[in-house]
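What follows is a single structure, written as structure tokens, with notes after it.
As the structure lists them, so they are numbered: ligands from 1, and atoms in each ligand from 1. Start at 1 with the first residue, then count along the sequence.
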Amino acid sequence: MLYTSTRNKNIKVSAAQAIAQGISEEGGLFVPCELPQFTLDKIGTMVDMTYIQRAKTVLKEFLTDFTDEELDYCVNGAYAADKFSSKKIAPVVNVNGNENILELWHGPTCAFKDMALQLLPYLMTVSAKKTADGKTIVILVATSGDTGKAALEGFKDVENTKILVFYPVDGVSPMQKLQMTTQEGENVAVCAINGNFDDAQSSVKSIFTNDEIKAQLAKKNMMFSSANSINWGRLVPQIVYYFSAYADLVEQGKITLGDEINVVVPTGNFGNILAGYYAKKMGLPIKKLVCASNSNNILTDFLKSGEYDKNRQFYTTTSPSMDILISSNLERLLYHMSGEDDTLVVDLMNKLSTDGRYVITEELMHSIQAVFDAGFCDEKSVFDTIHKYEKEYNYLCDTHTAVAVKVYENYVAETGDDIPTVVDSTASPYKFSKSVLCAVNSDDNCTLDEFDTVDELNRVTGADVPAPLKALKNKQVRFTDVCDKENMSEMVFKLLEL
Ligand SMILES: *Cc1c(COP(=O)(O)O)cnc(C)c1O
């Protein structure tokens, strides 16, 4: 299986090259040249498998330059039983009727990013051995909160790697901040920036493609790579859990093999939902992918109108991992849906960076709408939804999951389409304890400190507190640097001691 770039179809690289490099030279994103096809029979064989076996079944088709031994090493290491608090790794919980919640947050940092970022360091080091022998890989991360911690935890003390994480100083929850600033490991660094996630992401992208910086790194036998979902190695592990959730629904008798399901995804950078799109294209019976946004509803507008316009107000919400106006992975969708038109993608992405907006043709929009639906949820509805689900179904959602749950309710009300559905749950409620507690108690003046809030939420709801979050209370803060977005490249030099 070979990979090409969304901005230049002539490029052909192996999986290992795509993963080690992170982003294509001309700024495009790597995508598979063709997708493997899974028959219903093959999907049926996954019903009796463990998560690890399901992961190997899917990944084998994409990482054809990895040996069986290498793949075993990667997958067994990533999803080891002591790293996830659920034996199922990504359990499916029936909440109400046809609504099933896929819990993707049982990993070490309590957010769905672990599903990919526990595996990525393994894929990256194996890939680097194949394609960049002896080089130290420098992972640069821009985070809206969860990626940073999950990447730090995945890469900490991994040989021949260093990791630098930038987060918006006022854009993450207190728990997310503490998770990052207390990070252990000899090869890690964390820095806050004065700006929002899009500022951090744009600066990281320009550092990646800056020839002068790359040359400096090369002198030290280092190379950049990315752990953001622009890296193919971040996306491919996410395809697995859509197959896994489907197999679980068959196993639970909620559906019969071959039945269609809908999937609802709380969306930011468009990585998670894009993985669902790939699963559908590979033959998984998914009818609609519903893209759920918070008040930053640029994707809702795009999927309804065909116009992507980031010239709008940016809101800091209680679901910070979705506070994004430039959803990088949309580029991959545009590439596939336009019949692999790399010229069009270059044109649209140029328009986005010069004018902050682009419009797609009606024809392209209709083909996207045949697969995707979209909706958004404001802050009040997030709170009301958390409250309602706790009281009515005894199910505690975090703020991001609540966005998806509410958008799903609206989708069913508007369309009447209530076939069995998987709603992705992307974070533990305890990562956003203050908002969740306020919502549960219908109290908008919660004044407890972070850890007292956790205890109170536990007392009120009885939901288990994840051990890694409990442990933070006694950890030392190691990283206190703050820099302006203009100075990020200098910070990189400083942190790498160049
Ligand atoms: C990253 C994240 C999202 C958004 O996922 P994308 O793949 O960027 O669309 C949603 N919820 C949580 C909790 C996240 O950490």
Side-chain angles (χ1 to χ4, degrees), residues 29 90 101-117 120 141-154 165 167-168 171-173 175-176 179-180 197-198 200-201 226-232 234-239 241-242 263-278 289-294 296-300 302-303 317-333 372 374 376-377 382 386 397-405 407 423-433 435-436 466 469:
L29 306 184
I101 296 201
L102 171 58
E103 293 182 346
L104 299 170
W105 42 263
H106 290 277
T109 77
C110 310
F112 100 96
K113 304 292 195 293
D114 288 327
M115 298 304 300
L117 280 164
L120 183 67
V141 181
T143 184
S144 54
D146 291 328
T147 300
K149 176 60 184 179
L152 288 162
E153 198 56 34
V165 171
Y167 69 92
V172 301
S173 83
M175 191 62 97
Q176 288 177 315
Q179 280 186 306
M180 290 189 278
F197 171 71
D198 292 312
Q201 179 163 259
S226 159
N228 280 93
S229 56
I230 53 177
N231 192 318
W232 176 251
R234 259 290 293 280
L235 273 182
V236 70
Q238 300 185 357
I239 298 172
Y241 51 71
Y242 289 102
V263 170
V264 186
V265 185
T267 296
N269 224 357
F270 211 77
N272 196 359
I273 195 166
L274 186 74
Y277 168 75
Y278 282 126
L289 291 150
V290 181
C291 175
S293 299
N294 64 22
N296 295 296
N297 59 353
I298 186 165
L299 286 168
T300 316
F302 172 68
L303 293 167
T317 73
T318 54
S319 43
S321 299
M322 296 158 67
D323 290 346
I324 292 178
L325 293 182
I326 305 175
S327 296
S328 308
N329 279 295
L330 200 54
E331 176 169 345
R332 286 187 164 107
L333 184 74
F372 289 87
F376 74 99
C377 171
V382 169
I386 292 171
C397 301
D398 94 291
T399 45
H400 304 75
T401 307
V403 167
V405 160
V407 167
V423 180
D424 284 6
S425 172
T426 49
S428 159
Y430 285 101
K431 270 195 106 158
F432 304 94
S433 297
S435 305
V436 173
L469 297 184

Ligand 1-proximal atoms of F270, by part, heavy-atom distance under 4.0 Å: backbone
Ligand 1 contact on K113 by region, counting heavy-atom pairs under 4.0 Å: side chain
Just jot down the ligand 1 atoms closer than 4.0 angstrom to any heavy atom of [X], in number order.
| X | answer |
| --- | --- |
| P266 | 4 (C), 10 (C) |
| D146 | 12 (C), 13 (C), 14 (C), 15 (O) |
| T267 | 9 (O) |
| F112 | 1 (C), 2 (C), 3 (C), 5 (O), 7 (O), 14 (C) |
| G271 | 6 (P), 7 (O), 9 (O) |

[X]-[Y] side chain donor-acceptor pair, cut-off 3.5 Å:
| X | Y | result |
| --- | --- | --- |
| S328 | Q201 | yes |
| T401 | S425 | yes |
| N329 | R332 | yes |

N or O contact, [X] vs ligand 1, cut-off under 3.5 Å:
| X | result |
| --- | --- |
| T426 | yes |
| N272 | yes |
| M322 | no |
| I324 | no |
| N269 | yes |
| A427 | no |

Backbone of [Y] reached by a side-chain donor or acceptor of [X] within 3.5 Å:
| X | Y | result |
| --- | --- | --- |
| D114 | T109 | yes |
| T143 | G148 | yes |
| S428 | C110 | no |

Tell me if the centroids of the rings in [X] and [Y] come within less than 6.0 Å of each other.
| X | Y | answer |
| --- | --- | --- |
| Y278 | W232 | yes |
| F270 | F372 | yes |
| F432 | H400 | yes |

Distance from atom 4 (C) of ligand 1 to nearest protein heavy atom, with residue and atom: G268 N, 3.5 Å
